Protein chains: 2
Amino acid sequence: MVTRKEVAELAKVSEATVSRVFNGLGPMKPATKERVLEAAKVLGYHPNAIAQSFARRRSGNLGVVLPYMPKVHLFSAYYFAEILSGIGEQVREQGYDMLLSLLAPDDDLDYGRLYRSQKVDACVILGARDTEAQRSSLLQLQEQGLPFCLVNQRFEGLSFLEVDADHVEGSYQAVRHLLDEGYRKIAFLNGSPQYSNSMDRLHGYQKATLEAGLPIDLSLQFEGNYSRTSGYEAAAQIWENRDQVEAIFAANDRMAIGLLQGLRERGWIAGRDFAVIGCDDSDAAKLSDPPLSSIKVPFFEMGKQAARAVLATVGGAGEAQLQVKLPTEVKIRQSSKSGVWRVGS
Amino acid sequence: MVTRKEVAELAKVSEATVSRVFNGLGPMKPATKERVLEAAKVLGYHPNAIAQSFARRRSGNLGVVLPYMPKVHLFSAYYFAEILSGIGEQVREQGYDMLLSLLAPDDDLDYGRLYRSQKVDACVILGARDTEAQRSSLLQLQEQGLPFCLVNQRFEGLSFLEVDADHVEGSYQAVRHLLDEGYRKIAFLNGSPQYSNSMDRLHGYQKATLEAGLPIDLSLQFEGNYSRTSGYEAAAQIWENRDQVEAIFAANDRMAIGLLQGLRERGWIAGRDFAVIGCDDSDAAKLSDPPLSSIKVPFFEMGKQAARAVLATVGGAGEAQLQVKLPTEVKIRQSSKSGVWRVGS
DNA sequence: TTGTACGCGTTATCAA
DNA sequence: TTGATAACGCGTACAA
């Protein structure tokens, strides 16, 4: 390995000067600078990142923590791919690298490893749930001063760095849309209440319902676990109450598509016999038949902002805005239109 | 930060002994060991990973290189999610961490940064294409001795560590299946020939075709770019030649689904008017309507084996097997069945 | 504008 | 079985 020392010798300067050249520090004679760069080029010198981290006491890595679930596809790949890409873009702009950490469900408490070992300067945490264990782990992290930012998850009562989407408003608009299409009996298939965004959607749903002068009917609320299968299973329950249901708002696209499939097997076609709107506006929404209306969530941008926010605190810059909430947007497709296929009804 | 020195003082041993305890090296009195561990616990000592990397001259990181494509979803999220999970599992078992690197299309040549800066001990490279630029970058890496492993991509004539799937056999079986269902006019929608797996599929397709005594008809071969849109566009071309086509083998699920959608708009329904089989057996295959037959590729396992193989060479253990090829499996669903809906035809 | 010299927290070698 | 101590490659305060 070529070291600074060898470059210094060849360029006939001190090692400190080599460092200065590579870090662009201090005033220096252009001639010196050029000699150093020339020598570095000749020798093929590149600073050793690990030694740099060691000396700077900073790793230059942003940790990205995400739940590890080998065969359990509760989260869609789309969701993580978008957020990861967003983080990746921001990180690259700031000269950082991303250290991925897949957290098994049973070592929830082990956020520690990453920071203790100093392998990362900060973390972005994805797929967190609001449980006692998580709260205490995060509080611990906070006390110990490792900067972290949560994406798409809030913890009521605690003051963490969080980048979220406005799921309340998104859901409100989605249900408004169904109301505007003339539907009145609107069911809601939610995910686990351990996710703050599930609760947010519930609030949006209730707000729109109440505003329309409709009662909150608990028999219209169902719970799945964000998997397609759970949507498929919910279809059976909904079918039981089919005279009570004209439209369904599902808390993500995967469940919505499971729903579509389950009801189709019973002869009910979305966009003809009933309406469905999902959430995430994932690729799957465009792939489904009929194309699925959905709430577009800016996952890419959320990842980007989370990375930016948490890296800002590392730089020691004044605290960034603590809680960010990005807007969502309703995308209408065939699955939630009324009248289109209903010419005869 | 608590350092080894403080632990040594509290435990009344030398710093070297503390290191020995934490690395399980050399013989030592149980009593000493316990004193050290106790002291470490009291102080909350954890070895500094960066200092360790520095001293060991090993980062403990496995680099994962993947093409960066913000809005260009040429690869499916499913594909990468599976491979990443596989890598993640293996890496975790070996006490490594994953450093993600999103490579922009224009810095193809910059595999170097990662290894020059010594941030990784080895790399797994995803989504590589067979271009001159790539070949030379990889050769360069090889010369410089950075261990790397390619996933799902071979370079004919070069001797790299590669973990691939048996796409030739998979495609052969897929086309055999279509033949068995009674189809004779079988079109093939391939992806870019820059990917070795595209070429493999072509070979499998040709092999099955020839074996069945059918001619190789170039007008039955189409090329997309693995996106849904390109499948959708191919539908138009295929529709032109619709009297020449009874079934289509598409090189991935996304194009297959685009095909389904494009042809459906013209009134052609898969599994009734024609057959389609895709490749990857991604989530989308189960979401589509009708459910899409597909070739299952063990992406998770491929990621895992790639990580294992390349980390083995780091340990300095004798070279692992250079080229691995994992089996594929044809999954039959409704899109490729004949007769099911064809009662009347 | 440049050089000197120390420190960072380990690992690993050599003695004892 | 344990202790001293020299690297490791770089950042940086201070001196010149």
Side-chain angles (χ1 to χ4, degrees), chain A residues 1-40 43-61 95 115-121 314-316, chain B residues 1-37 39-40 43-61 95 97 115-121 314-316:
Chain A
M1 170 190 300
V2 185
T3 71
R4 185 180 66 167
K5 189 174 173 183
E6 305 172 46
V7 177
E9 281 165 6
L10 182 56
K12 301 203 185 308
V13 297
S14 72
E15 293 189 45
T17 298
V18 178
S19 280
R20 286 193 198 96
V21 170
F22 275 84
N23 295 316
L25 291 179
M28 64 181 59
K29 261 208 288 242
T32 321
K33 179 171 174 179
E34 220 154 310
R35 276 219 317 289
V36 170
L37 289 176
E38 179 60 20
L43 296 175
Y45 167 76
H46 295 280
N48 179 323
I50 292 194
Q52 285 179 318
S53 297
F54 183 50
R56 292 187 179 126
R57 272 169 294 272
R58 293 235 249 97
S59 66
N61 294 150
Y115 90 89
R116 269 188 250 121
S117 64
Q118 324 260 45
K119 275 205 139 180
V120 302
D121 301 330
V314 171
Chain B
M1 170 191 299
V2 185
T3 70
R4 186 181 64 166
K5 189 174 173 185
E6 306 172 47
V7 176
E9 280 165 8
L10 181 57
K12 303 204 184 306
V13 295
S14 72
E15 294 189 44
T17 298
V18 177
S19 280
R20 285 193 197 97
V21 169
F22 275 84
N23 295 315
L25 291 179
M28 64 181 58
K29 260 208 289 238
T32 321
K33 179 170 176 180
E34 220 153 311
R35 276 218 316 289
V36 170
L37 289 177
L43 298 175
Y45 167 76
H46 295 279
N48 179 321
I50 292 193
Q52 286 179 320
S53 296
F54 182 51
R56 291 187 180 124
R57 272 170 293 280
R58 292 234 250 97
S59 66
N61 294 150
D97 284 299
Y115 90 89
R116 270 188 248 120
S117 65
Q118 323 261 49
K119 274 203 144 182
V120 302
D121 301 331
V314 170

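Quick caveat: nothing in here was measured; it's all calculated off a predicted structure.
For the atom pair CD (A:Glu38) and CG (A:Leu43), the distance works out to 9.5 Å, reported to the nearest 0.5 Å. To the nearest 0.5 angstrom, B:Arg56 atom CZ is 5.5 Å from B:Asn23 atom CG.
To the nearest angstrom, P of C:dA12 lies 8 Å from CZ of B:Arg57. Rounded to an integer number of Å, the gap from CD of A:Gln52 to C1' of C:dG9 is 17 Å. A straight line from CD of A:Glu34 to P of C:dT1 spans 15 Å, rounded to a whole angstrom. Per the geometry, CZ belonging to A:Arg4 stands 11 Å off C1' belonging to C:dT4, to the nearest Å. As rounded to whole Å, 10 Å separates atom P of C:dG9 from atom CD of B:Glu15. Taking atom CG on B:Leu25 and atom P on C:dT10, their separation rounds to 15 Å, with Å as the unit. Taking atom CD1 on A:Ile50 and atom C1' on C:dG9, their separation rounds to 14 Å, with Å as the unit. Residue A:Phe54 contributes atom CZ, which lies 6 Å from atom P of C:dG9 at whole-angstrom precision.
A donor-acceptor pair under 3.5 Å is formed between the side chain of B:Glu6 and the backbone N or O of B:Thr3.
Within 4.0 Å of B:Phe22, counting heavy atoms only, lies no atom of the nucleic acid at all. When heavy atoms are screened at a 4.0 angstrom cut-off, A:Ser53 is found touching no nucleic acid atom at all. Backbone-only engagement by B:Val13 is indicated by non-hydrogen atom pairs under 4.0 Å involving sugar-phosphate atoms exclusively. Within 4.0 Å (heavy atoms only), A:Arg20 reaches at least one base atom of the nucleic acid. Nucleic acid contact for A:Thr3: sugar-phosphate only, since backbone atoms but no base atoms lie under 4.0 Å from a heavy atom of the residue.
The two residues A:Thr17 and A:Thr32 make their nearest non-hydrogen contact at CG2-CG2, 4.0 Å. The shortest heavy-atom contact between B:Ala11 and B:Ala39 is CB-CB, 3.8 Å. Of all the heavy atoms in B:Asn61 and A:Lys119, the pair that sits closest is ND2-NZ, 2.7 Å. Taking every heavy atom of both residues into account, B:Asn48 and B:Ile50 meet most closely at OD1-N, 2.7 Å.
Looking at which nucleotide of DNA chain D each of A:Ala51 and A:Ala16 is closest to, the 5′-most match is held by A:Ala51. Where A:Ala55 and B:Ser14 each meet DNA chain D at their nearest nucleotide, the meeting point lying more 5' is that of B:Ser14.
A close approach under 4.0 Å does occur between a side-chain nitrogen or oxygen of A:Thr17 and OP1 or OP2 of C:dG3.
For DNA chain D, the span of nucleotides reached by chain B at under 4.0 Å from its heavy atoms goes, 5' to 3', from D:dT1 to D:dG9.
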